[in-house]
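The structure appears right after this line, and notes come after that.
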Amino acid sequence: MVVMTDIYENVMELAKRRGFIWPAAECYGSVAGFVDYGPLGAMMKRKIENIWRDFYVVREGYYEIECPTIGIEPIFVASGHVKGFSDIMCQCPHCGEYLRADHVVAAAGGKWPGGGSHDAIAEVLRHVPCTSCGTKLGPVAVFDFNLMFQTSIGPGSQRKGYLRPETAQGMFTDFGRLLRFYRDKLPFGAVQIGKAFRNEISPRQGMIRLREFTQAEAEIFVHPGEKNHPSFARYRGYRVPLLSCLHQQQGQEPELIPMGDAVRAGIIASEYVAYYIALTHDILVTIGVDPAKIRFRQHMMDERAHYAADCWDAEFHSPRFGWVEVVGIADRTDYDLKAHAAHSGLSFTAYIPYETPLVVQRRRIIPNMGRLGPRFRNRAKKVAEAIEHGIPGDQGMEITLENELIHVPPELYEVKDETVEVRGEEVVPHVIEPSYGIDRMIYAVLEHSYTEEEVEGELRRVLRFPPWVAPVQVAVFPLMPRDGLDEFAHTLVDSLAAENMVAEYDDNGAIGRRYRRQDEVGTPYAITIDYETKDDGTVTIRERDSMAQVRVPIEKVPEILRSLIRGTLTFSQLNV
RNA sequence: GCGCCGAUAGUGUAGUGGUUAUCACUAGGCGUUGCCAACGCCUAAACCCGGGUUCGAAUCCCGGUCGGCGCACCA
């Protein structure tokens, strides 16, 4: 094994050179936080997204929706992003450093005028020192910095819009429609894969922190009292490296725990959260993230959003960046739906019928408006409301209205005792949210797939992608570009393409060089047409990882490759 | 965003205030080659952008952009 000096640089150099990832708009000098996916990168991204769809849409049955990337202001006022995503900042007039105003005040031991005006904040700031250069700030400009990109909709800036900072809000705002689509039954889920945007102050670390990135998010709406997943059995015994709050407090290493045990021991809050932790692990391993470099870290209470009942991050390990978050799995409770209900004035509830209707004795007090009106005039309505909630006695009832005690005689209302059947209740569902950063997943796969080894004194670089992730599935080489071998090769490429496989023809240079070119972009199999093909119609299939070869009849190649790429056949099985 | 450092073919690099900017790999073409970056010949390909100093700037200076590191930021 060759020593890899800096895997990040080697991987990114390869990714750039071979058409996976490019800096965006390079001819104009690029902008930090934006990348282009080149031909192979875009292909690979689609494959990873489709694997994600296989898990969430095909298997879980959570349909995919697609909402605009521009959202109007009320959405993000309700979601809290307009407030919570913005920081009040100031710039030190002495050293030019941009500072978070609240941090500066806190560092000086001052009192933060939370909710105060910018002027009030500036007044506090002028007496405290800069956290960067230590000079007393003096008069300083205070401004909001919002991580959301802002735009205006229509001419004349009539309506403020934001580029969505997450795809999740679409599933929340569509809740009512989705509920009807799923025929008013909990649980149900909806997913979305799409772009999200955050105007990071200083994005670095290549693909790890982007200003425009792709998210895959699922929102699963469940009954607040029923957080057992109907298919939990699938993952009950599935073991995942968990780093709980307790593990972190005690400085322990992650521990492989079966999901069933983790829920029973209370490490994970519910079966739902555990189920998606396991499913996430399943997805990450399927796309080619090294299972030895994955862990699930529970958010500590102080880093958790106040409404989150539980929250776990899937992290992968990179020698360059350490542990990097790729997926967040949270029980967001009813926070989002309640917020949208409050701001929109609509109801975000599901009606849950009881198995057996409840028979309830109910006493209703009906004010007699015909008598209340003339007696209380403009206060009649308020008196009526108070009566409805009052306690009637033999001599009428006492109510308090604007600090005034009022006696209401019994003839002003009627008391009705009735028996009612309550058939169900309106509940605000809780939301289980697994949220994936597709770009980070792609980086993890690139880095974990990348290997360098020495073969006969030469450096061999291989991207050991799983066959179902590789952008090119198979390469076809005529041993010599003549004698009809090239004809055989072209025909084979066509029949592979007819089977929906991306097959690349190459007759340029020595055969070994061609194998190496494909190794470098992770093509799992290569077919070579040689002179034996002309005699007996067989070709060789060469496996990327072992470099071993097996001879098979040419007409069986498409079928064999299909099985190899699906994973229903292994290369070693071909030997027998 | 601040500070320090850097930027030369697709990649990795050498080098200089003054002729045609070095080398290797890669890539393309031709020949050769009967399965793992072989060989020969040929070809293509670069001084990050803008301004300044200068007779002359890719080289020196200033600003910007991008990248690295440290700080700050990172729902």
Side-chain angles (χ1 to χ4, degrees), chain A residues 6 8-10 12-19 22-34 38 76 79-87 89-92 94-100 103-104 107 130-133 145-148 164-166 168-169 196 198-206 208-211 215 303-305 308 311 320 324-325 328 330 332 435 454-462 477-483 485 508-520 526-534 539-544 546-549 551:
Chain A
D6 191 328
Y8 169 78
E9 269 164 30
N10 293 348
M12 290 314 283
E13 183 272 309
L14 169 59
K16 200 197 280 186
R17 186 163 43 81
R18 295 305 306 269
W22 294 324
E26 212 176 359
C27 68
Y28 290 109
S30 310
V31 206
F34 296 94
F76 302 113
S79 71
H81 286 98
V82 169
K83 265 220 169 69
F85 237 53
S86 82
D87 295 319
M89 300 190 74
C90 62
Q91 187 179 22
C92 171
H94 314 290
C95 67
E97 179 75 89
Y98 283 93
L99 309 158
R100 285 253 320 245
H103 288 188
V104 179
C130 168
T131 45
S132 180
C133 65
F145 180 81
N146 195 295
L147 240 39
M148 285 193 293
R164 62 182 179 192
E166 60 176 25
Q169 295 307 321
R198 290 175 198 183
N199 199 2
E200 300 282 356
I201 294 172
S202 169
R204 272 199 210 158
Q205 313 170 315
I208 303 292
R209 236 171 106 206
L210 294 171
R211 288 186 165 125
Q215 276 191 319
E303 67 179 309
R304 210 177 278 177
C311 186
R320 173 70 159 250
V324 180
E325 175 194 349
R332 300 176 59 96
S435 169
E454 208 177 293
V455 177
E456 290 167 28
E458 291 279 354
L459 179 68
R460 177 174 179 251
R461 290 181 221 262
V462 192
F477 309 142
L479 190 61
M480 293 295 138
R482 55 166 179 275
D483 304 326
L485 300 186
N508 187 309
I511 191 80
R513 177 182 295 270
R514 288 180 255 166
Y515 286 137
R516 292 293 189 277
R517 275 202 277 254
Q518 295 299 332
D519 289 342
E520 204 176 53
I527 313 286
T528 301
I529 314 288
D530 57 15
Y531 287 92
E532 257 180 274
T533 311
K534 291 177 81 174
V539 298
T540 60
I541 302 182
R542 178 256 197 191
E543 187 191 36
R544 176 197 64 207
S546 62
M547 298 197 284
Q549 285 179 302
R551 191 161 270 283

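Any value given below was found using the heavy atoms of this structure, including those in side chains, with hydrogens, waters and symmetry copies removed. None of the values given here were measured: they were computed from a predicted structure.
The distance from atom CE of A/Met480 to atom P of B/U33 is 8 Å, rounded to the nearest whole Å. Rounded to whole angstrom, the span from the CG atom of A/Leu485 across to the P atom of B/G34 amounts to 12 Å. Put simply, NZ on A/Lys16 is 10 Å from C1' on B/G10, counting in whole angstrom units.
The two residues A/Glu200 and A/Leu210 have their closest heavy-atom pair at CG-O, 4.1 Å. Minimum interatomic distance between A/Asp519 and A/Arg542 (heavy atoms only, all atoms of both residues): OD1-NH1, 2.7 Å.
Heavy atoms of A/Arg542 sit under 4.0 angstrom from at least one base atom. The residue A/Leu147 sits apart from the nucleic acid: no heavy atom pair falls under 4.0 Å. In this structure, A/Gln549 reaches the bases: a heavy-atom distance under 4.0 Å links it to at least one base atom across the strands shown.
Across B/G15 and B/A9, the matching C1' atoms stand 15 Å from one another, rounded to whole Å. Taking the P atom of each, B/C62 and B/C2 are spaced 16 Å apart, rounded to whole Å. As rounded to the nearest Å, B/U11 and B/A37 have C1' atoms that lie 15 Å from one another. Rounded to whole Å, the P atom of B/A14 lies 35 Å from the corresponding atom of B/C30. For the P atoms, the distance from B/C47 to B/U22 is 13 Å, rounded to whole Å. A distance of about 37 Å separates the C1' atoms of B/A72 and B/G10, rounded to the whole Å. Nucleotides B/A24 and B/U19 place their C1' atoms 25 Å apart, quoted to the nearest Å. Taking atom P in both B/G67 and B/C61, the straight-line distance is 23 Å, to the nearest Å.
Each of A/Ile529 and A/His81 has a nearest nucleotide on RNA chain B; the 5'-most of these lies closest to A/Ile529. RNA chain B is contacted by both A/Pro165 and A/Glu13; A/Glu13 maps to the nucleotide lying nearer its 5′ end (nearest heavy atom per residue).
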Worksheet item: Base, backbone or nothing for each nucleotide of nucleotides 24-31 of chain B, written B, S, -, heavy atoms under 4.0 angstrom, 5' to 3'?
Response: --SSSS--

Worksheet, complete the sentence: Protein heavy-atom contacts under 4.0 Å, written 5' to 3' over nucleotides 62-72 of chain B as B (base), S (sugar-phosphate only) or - (none), form the string ---SSSSBBBB

Response to the item:
Given Watson-Crick and G-U pairs under 3.5 Å, RNA chain B in dot-bracket ([ ] crossing, | other strand) is (((((((..(((.....[....))).(((((.......)))))....(((((..]....))))))))))))....

